[in-house]
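Notes for the one structure printed next.
Here the structure is a predicted model, which is why all the values come from computation and not from measurement.
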2 protein chains.
Amino acid sequence: MYTIGDLARRTGVKIPTIRYYEQMGLLAAPERSEGNQRRYEKRELERLAFIRHARDLGLSIDAIRDLLALSEHPERPCGEADRIATEHLASVREKIARLKKLEQELERIVACHGNHTIGDCYVIRALADHSLCESEH
Amino acid sequence: MYTIGDLARRTGVKIPTIRYYEQMGLLAAPERSEGNQRRYEKRELERLAFIRHARDLGLSIDAIRDLLALSEHPERPCGEADRIATEHLASVREKIARLKKLEQELERIVACHGNHTIGDCYVIRALADHSLCESEH
DNA sequence: CTCCATAGCTATAGCTTCTGGAGCTTTATA
DNA sequence: TATAAAGCTCCAGAAGCTATAGCTATGGAG
């Protein structure tokens with residue numbers, strides 16, 4: 001039996017976050033002690049570790065809920081799990097692409113290196129005038 | 001004189017967002033018509049375009065507030081503006097690095113291609129067992 | 001057995017950056 | 001002048017937590 005604090009220490013998920021996951025339906029409401037404190041089994045520790053890992057990978061709460069539901073049916077085909085992960089990979093790649101464009105634009109903007117005045121600072125002028133940008137963003 | 005709708009059309013910032021920026025102190029409360037509707041000058045249109053552009057580049061509301069304050073003093077040195085932009089560039093680069101790690105991990109995870117069952121699906125197993133990961137994240 | 005620190009409880013609010021809706025008023029146009 | 005489009009304020013919600021207040025339970029020492 002684990003207390004909520006045990007779970008927090010073992011998974012690195014903060015206590016209020018564990019309670020929040022319970023509220024969000026990622027974790028079932030666990031048994032309680034006589035004094036109304038949550039008491040968890042090993043299964044729930046593993047489930048929380050799964051959630052933590054998926055969150056670290058950037059999956060949404062909704063996607064995780066779906067994956068957890070799928071994982072309860074080991075005999076079913078895994079196409080759906082694959083679809084969720086693949087879609088997420090695509091969204092990660094999109095984010096990377098977007099950020100790289102920003103990176104380029106920012107590199108150009110900071111080229112002024114702060115050694116003159118605001119009045120002719122490229123940072124300020126570039127922000128004020130979109131047409132100074134090289135690409136869309 | 002522009003209405004709030006004119007500003008929205010010209011900058012691509014939605015009307016509730018313009019009002020939100022006013023609340024957040026990025027835009028000063030503008031003049032009002034006799035019927036209490038907001039009426040803007042060209043200056044404010046330009047200011048909003050600046051904000052829009054900076055948001056597109058991913059700068060926070062706070063950073064933008066600082067940059068706007070700086071831009072009111074063209075005679076001052078621009079080191080501070082440069083610092084804000086440079087810091088932001090660094091944070092963009094960090095995000096890119098983190099996302100690339102995620103991308104790699106997800107690529108490995110989706111390699112199972114959904115052609116078997118949940119029970120031996122690599123997506124599910126990888127999420128359940130962090131030790132299957134190659135790098136930290 | 002009592003005391004105390006630590007840990008847990010609930011409920012609620014706050015963060016960030018908007019977005020949307022309800023219910024009403026103003027403005028512009030025909 | 002009638003009416004449609006656009007504006008107003010206020011409030012709630014989305015995501016994923018985090019923090020606080022005010023209280024109770026637990027576990028070990030003396």
Inspect the contact between [Y] and [X] and indicate whether a charged nitrogen and a carboxylate oxygen are less than 4.0 angstrom apart.
X	Y	result
B/Arg47	B/Glu44	no
A/Arg83	A/Glu87	yes
A/Arg43	A/Glu46	no
B/Arg93	A/Glu107	yes

Quick one: is [N] close enough that its OP1 or OP2 comes under 4.0 Å of any side-chain N or O from [X]?
X	N	answer
A/Tyr21	D/dC17	yes
B/Thr17	C/dC18	no
A/Ser33	C/dG8	no
A/Thr3	C/dG8	yes
A/Arg32	C/dT10	yes
B/Arg38	D/dT9	yes
B/Arg55	C/dC18	yes

Closest to the 5' end of DNA chain C, once A/Gly35 and B/Lys14 are matched to their nearest nucleotides, is A/Gly35
Comparing A/Gln23 with B/Asp62, nearest DNA chain C nucleotide closer to 5' gives the residue A/Gln23
Rounded distance in Å - [atom1] ([X]) to [atom2] ([N]):
X	N	atom1	atom2	result
A/Glu31	C/dG8	CD	P	17 Å
B/Ile15	C/dT19	CD1	C1'	12 Å
A/Arg52	D/dG16	CZ	P	15 Å
B/Glu34	C/dT26	CD	P	11 Å
B/Leu59	C/dC18	CG	P	12 Å
A/Asp6	D/dG27	CG	P	11 Å
A/Ile4	C/dA7	CD1	C1'	10 Å

By nearest atom, which of the nucleotides [options] is closest to the [X] side chain?
X	options	answer
A/Ser60	D/dC8, D/dG16, D/dT18	D/dG16
B/Ile61	C/dC9, C/dT17, D/dC17	C/dT17
B/Tyr20	C/dT17, C/dT10, D/dT9	C/dT17
B/Gln37	C/dT27, C/dC9, D/dT18	C/dT27
B/Arg19	C/dT10, D/dC8, D/dT18	D/dC8

For residues B/Phe50 and B/Leu68, report the shortest heavy-atom separation together with the two atoms involved.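 Distance-wise, the nearest heavy atoms are CD2-CD2, 3.7 Å.
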Taking side chain as C-beta onward, heavy atoms only, is A/Leu48 less than 4.5 Å from A/Tyr2?
no
